[in-house]
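Not measured: the values here are computed from a predicted model.
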Amino acid sequence: FDLTSARLSYETAGLRVVSHNIANADTPGFRGQAVVPFEEALRQAGSSRQVSIRTTAAAVMEEAPNGNTVSLEEEMMQAARLRGGHALAAATFEKNLELMRLAVGGAR
């Protein structure tokens, strides 16, 4: 449950970062952010499983003339990846919960 919960939190935080980037796509000088990959965050957490959400400068192909680094195409691809990861983590959490109910209540 801890790992699945950490993954849900990670994906949710990632979607917040993406939405913030998209909201500022036209803001002059805005520098987009990206979350570090979940696997890296998990590796840094070690055995504690206390995954912290860290952001880094987003990788950009080019900077807009107004200094903005947000690429809407990249943000949309990132959002789709995060949404898929969130759906997978939610399904895993649901299956874990079903197994727990089965173990506690027995077969019905």
Side-chain angles (χ1 to χ4, degrees):
F1 283 107
D2 288 342
L3 183 59
T4 304
S5 179
R7 184 68 186 241
L8 283 169
S9 296
Y10 167 85
E11 302 295 349
T12 301
L15 287 168
R16 279 193 200 106
V17 170
V18 168
S19 65
H20 183 69
N21 287 346
I22 291 171
N24 288 285
D26 290 332
T27 303
F30 181 78
R31 301 285 183 203
Q33 295 288 306
V35 293
V36 298
F38 180 72
E39 293 76 14
E40 181 181 328
L42 187 60
R43 192 172 25 259
Q44 290 173 353
S47 62
S48 72
R49 298 275 192 226
Q50 296 296 318
V51 178
S52 61
I53 309 304
R54 291 188 9 252
T55 60
T56 63
V60 288
M61 298 301 282
E62 64 182 67
E63 186 175 301
N66 69 359
N68 190 300
T69 63
V70 175
S71 164
L72 288 176
E73 293 83 8
E74 291 293 324
E75 296 302 320
M76 295 309 290
M77 289 187 335
Q78 179 78 343
R81 186 191 66 74
L82 289 163
R83 199 176 101 219
H86 189 276
L88 178 62
T92 303
F93 194 85
E94 181 66 31
K95 290 297 178 187
N96 286 341
L97 200 53
E98 285 177 23
L99 288 172
M100 185 66 71
R101 285 183 192 130
L102 183 62
V104 171
R108 292 182 186 187

Practice task
Might you confirm whether atom CZ of R83 has over 12 heavy atoms from other residues, nucleotides or ligands at distances under 6.0 Å?
Solution key: no
Practice task
Give, for atom CZ of R7 and atom CG of L88, the distance between the pair rounded to the nearest 0.5 Å.
Solution key: 7.0 Å
Problem - Smallest separation among heavy atoms of A41 and V36, with atom names - result: CB-CG2, 4.1 Å
Problem - Interatomic distance, L3 atom CG to L42 atom CG [nearest 0.5 angstrom] - result: 6.0 Å
Handout entry: Shortest non-hydrogen separation from H20 to N24 and the atoms involved
Key = O-ND2, 2.9 Å
Practice task
Mind listing the closest non-hydrogen atom pair of G14 and V35 along with its distance?
Solution key: CA-CG1, 3.8 Å
Problem - Distance, nearest 0.5 Å, that separates CG of N96 from OG of S5 - result: 11.0 Å
Practice task
Give the minimum heavy-atom separation between L8 and A90, together with the two atoms involved.
Solution key: CD2-N, 3.7 Å
Problem - Atom pair CD (E75) and CD (Q78), whose distance is rounded to the nearest 0.5 Å - result: 7.0 Å
Problem - Full working for side-chain contact (heavy atoms from CB on, under 4.5 Å) between R31 and E63 - result: CA-CA 9 Å; R31 301 285 183 203; E63 186 175 301; 2.7 Å; yes
Handout entry: In one Ile/Leu/Val/Met/Phe/Trp/Tyr side-chain cluster, 4.5 Å: L72, L82
Key = yes
Practice task
Can you see which heavy atom on N66 is nearest to which on D26, and at what distance?
Solution key: ND2-O, 3.9 Å
Problem - CD-OG1 distance between E74 and T69, expressed to the nearest 0.5 angstrom - result: 11.5 Å
Handout entry: E39 and R43 ion-paired at < 4.0 Å
Key = no
Practice task
Any chance you could lay out the side-chain contact (heavy atoms from CB on, under 4.5 Å) test for N21 and F30, step after step, and finish with the verdict?
Solution key: CA-CA 8 Å; N21 287 346; F30 181 78; 3.6 Å; yes
Completion exercise
In this structure, OG of S71 is separated from CE of M77 (nearest 0.5 Å) by 7.5 Å
Practice task
Dump the intermediate steps for salt bridge (charged side-chain N to carboxylate O under 4.0 Å, His left out) on E98 and R101, then the final yes or no.
Solution key: CA-CA 5 Å; E98 285 177 23; R101 285 183 192 130; 5.9 Å; no
Fill in the blank from the handout: Note: Y10 and F38 closest approach over all heavy atoms is OH-N, 3.1 Å
Practice task
Establish whether M76 and L15 are linked, either directly or via other cluster members, by ILVMFWY side-chain heavy-atom contacts under 4.5 Å.
Solution key: yes
